[in-house]
Each structure stands twice: as C-alpha cells, then as structure tokens.
Amino acid sequence: FLARIALLLLIRPIIDPDVVVTYLPFARSTYLSSHIPTEDLLTLDPINVPPAGGWILYALAMAVTGSQDSQTFRLLPFLIYLLLLALTYQVAKTTFSHQISKLALLVTLLLPFTDEFIMIFALYPDVLFVTLLLFVYLKLTQSSLTRNDSFEIGLVLGSCILLKYQGIF
C-alpha cells in the first residue's frame, strides 16, 4: 500500500495551480535569495505572500537537497502521510484497543478516499494540517497534561494557523 502511494506521488504530474504559480516559485526565490520575496522578479510589482505552509516546505526540501531543480519535494507528502498513519494508530490504540487500532490503520490504508486525497491534495499543506490536528487531539486526550504538553499543543496549533490561515495575522 505504501509503495503504491509513493509511486503515485512520484509519477503524478504537477498540475496544481497554486503549486505551479506560487509555491514552487516562492520556494525557489527563497532558496536562491535567502529571504522571503516581496516583489515579482519579472515586473518588480509588489506581491502577496501566500500562506507559509506550502512553499516553506518546498524551500526546506531544496535546502536539504542543495538543489532547486530536485524533485524531492514530491516525497514530502509521503513522510507526512506516514506520520498520519502512525498518529491514527496511536489515537485508536489510546481511545479503544490494540485490535481496533490495527483495524483503523487497515481501513485508513484501504479507503479509496485516501488515494483521492493524496492525488488531489498531495502538494498542498492540507495533509500536514490534518496530521498536526490529530497530534493535538492525541495530546488533549491524555489523562494528565504537563506544562511541556501545553507548550507542544500551542506550538502545533500555531503551526496549523501558519499553514492554512496566515491572513489572521
């Protein structure tokens, strides 16, 4: 199942308008100039900075690989999906039982919705957003919250806001 998802991510054409028009050019400009671009490089007109989630992940992938032409950003959703599966298992195990958690993991892997979600939203930060919210749910369902747990929850919720709703600021 996981090999099929990795293959889907690798061979999938990049036809997402936001990714092609904003995320990849912003990531490339940030990687090359080491700062967030504030004007269009061709027309020198001011531009609106898109939500930080997508293009910062791509800039990070470019920085890790050391190349702006690398296609490694295609596998970022795969790592996030693996984390989502681990969190799904952990939430089901914490909430129900070990057998139910295995069943929840199997259902998550086999649902056709998963393939569609990966194919449509793979290069958007939506999968990471859902994964982070699941982490917050897991932390909130613990019987005792420590100060460090509260800090982690606040950090993750702040990251969620930056991923999807940067307009709040």
Side-chain angles (χ1 to χ4, degrees), residues 1-14 16 18-19 22-24 26-27 30 50-66 70-169:
F1 299 113
L2 296 177
R4 178 181 55 127
I5 291 171
L7 185 64
L8 282 174
L9 289 171
L10 286 173
I11 64 172
R12 176 185 184 274
I14 303 173
D16 310 305
D18 290 341
V19 174
T22 55
Y23 293 165
L24 289 176
F26 260 76
T30 303
W55 62 273
I56 286 182
L57 289 173
Y58 299 143
L60 177 67
M62 290 176 190
V64 167
T65 60
S70 174
Q71 295 288 314
T72 54
F73 65 86
R74 290 175 174 265
L75 289 178
L76 282 174
F78 183 69
L79 297 174
I80 295 167
Y81 186 68
L82 287 178
L83 182 61
L84 179 66
L85 290 175
L87 285 172
T88 301
Y89 177 80
Q90 190 62 34
V91 165
K93 185 176 151 189
T94 303
T95 308
F96 300 109
S97 68
H98 186 66
Q99 284 76 21
I100 298 292
S101 62
K102 288 180 183 178
L103 182 63
L105 190 60
L106 187 63
V107 166
T108 304
L109 282 171
L110 293 178
L111 277 177
F113 171 75
T114 303
D115 293 342
E116 184 178 342
F117 188 69
I118 293 271
M119 288 302 290
I120 294 174
F121 298 110
L123 298 177
Y124 291 104
D126 296 336
V127 180
L128 180 59
F129 181 75
V130 169
T131 304
L132 292 176
L133 287 181
L134 193 58
F135 173 78
V136 167
Y137 175 78
L138 181 64
K139 284 292 186 178
L140 288 174
T141 56
Q142 290 179 348
S143 59
S144 62
L145 290 175
T146 64
R147 181 178 288 188
N148 287 339
D149 291 336
S150 300
F151 178 75
E152 288 175 5
I153 289 170
L155 187 66
V156 168
L157 286 176
S159 299
C160 286
I161 289 172
L162 283 177
L163 281 173
K164 296 294 289 178
Y165 306 110
Q166 186 177 352
I168 292 174
F169 301 106

Flag the pair I80 / V130 as yes when at least one side-chain heavy-atom distance between them is below 4.5 Å, and no otherwise.
no
Give a yes or no answer on whether the side chain of S97 reaches the backbone of K93 with a donor-acceptor pair at less than 3.5 Å.
no
For the OH atom of Y81 and the CG atom of L84, what is their distance to the nearest 0.5 Å?
7.0 Å
Which label fits W55 and F26: parallel for a plane angle under 30°, tilted from 30 to 60°, or perpendicular past 60°?
tilted
Salt bridge (Lys or Arg N to Asp or Glu O under 4.0 Å) partners for K102, two or more places apart:
none
Considering all heavy atoms, the nearest A27-A59 contact:
CB-N, 3.5 Å
Keeping T141 on the side-chain end and L138 on the backbone end, is there a donor-acceptor pair under 3.5 Å?
yes
For L85 and L105 the tightest heavy-atom approach is O-CD1, 3.5 Å
Rounded to the nearest 0.5 angstrom, the CG-CZ distance for L157 and F135 is 10.0 Å
Full working for side chain to side chain contact (heavy atoms under 4.5 Å, CB included) between L128 and L83
CA-CA 9 Å; L128 180 59; L83 182 61; 5.6 Å; no
Is any side-chain heavy atom of Y137 closer than 4.5 Å to a side-chain heavy atom of V91?
yes
Between CG on residue L82 and OG1 on residue T131, distance to nearest 0.5 Å:
10.0 Å
Which heavy atom in S101 sits nearest to a heavy atom in A92, and how many Å separate them?
CA-CB, 3.5 Å
Excluding sequence neighbours, so at least two apart, what forms ring-ring contact (aromatic ring centres under 6.0 Å, His included) with Y58?
F73
Measure across K139 and L145 and return the closest heavy-atom pair with its distance rounded to 0.1 Å.
O-CD2, 3.1 Å
Would you call R74 and I14 a side-chain contact if the rule is heavy atoms closer than 4.5 Å?
yes
Roughly how far, to the nearest 0.5 Å, is the CG atom of L123 from the CG atom of L24?
7.5 Å
To the nearest 0.5 Å, what is the distance between CG on L60 and OG1 on T65?
9.5 Å
Hey, what do you get for CG (L87) to OG1 (T108), rounding to the nearest 0.5 Å?
11.5 Å
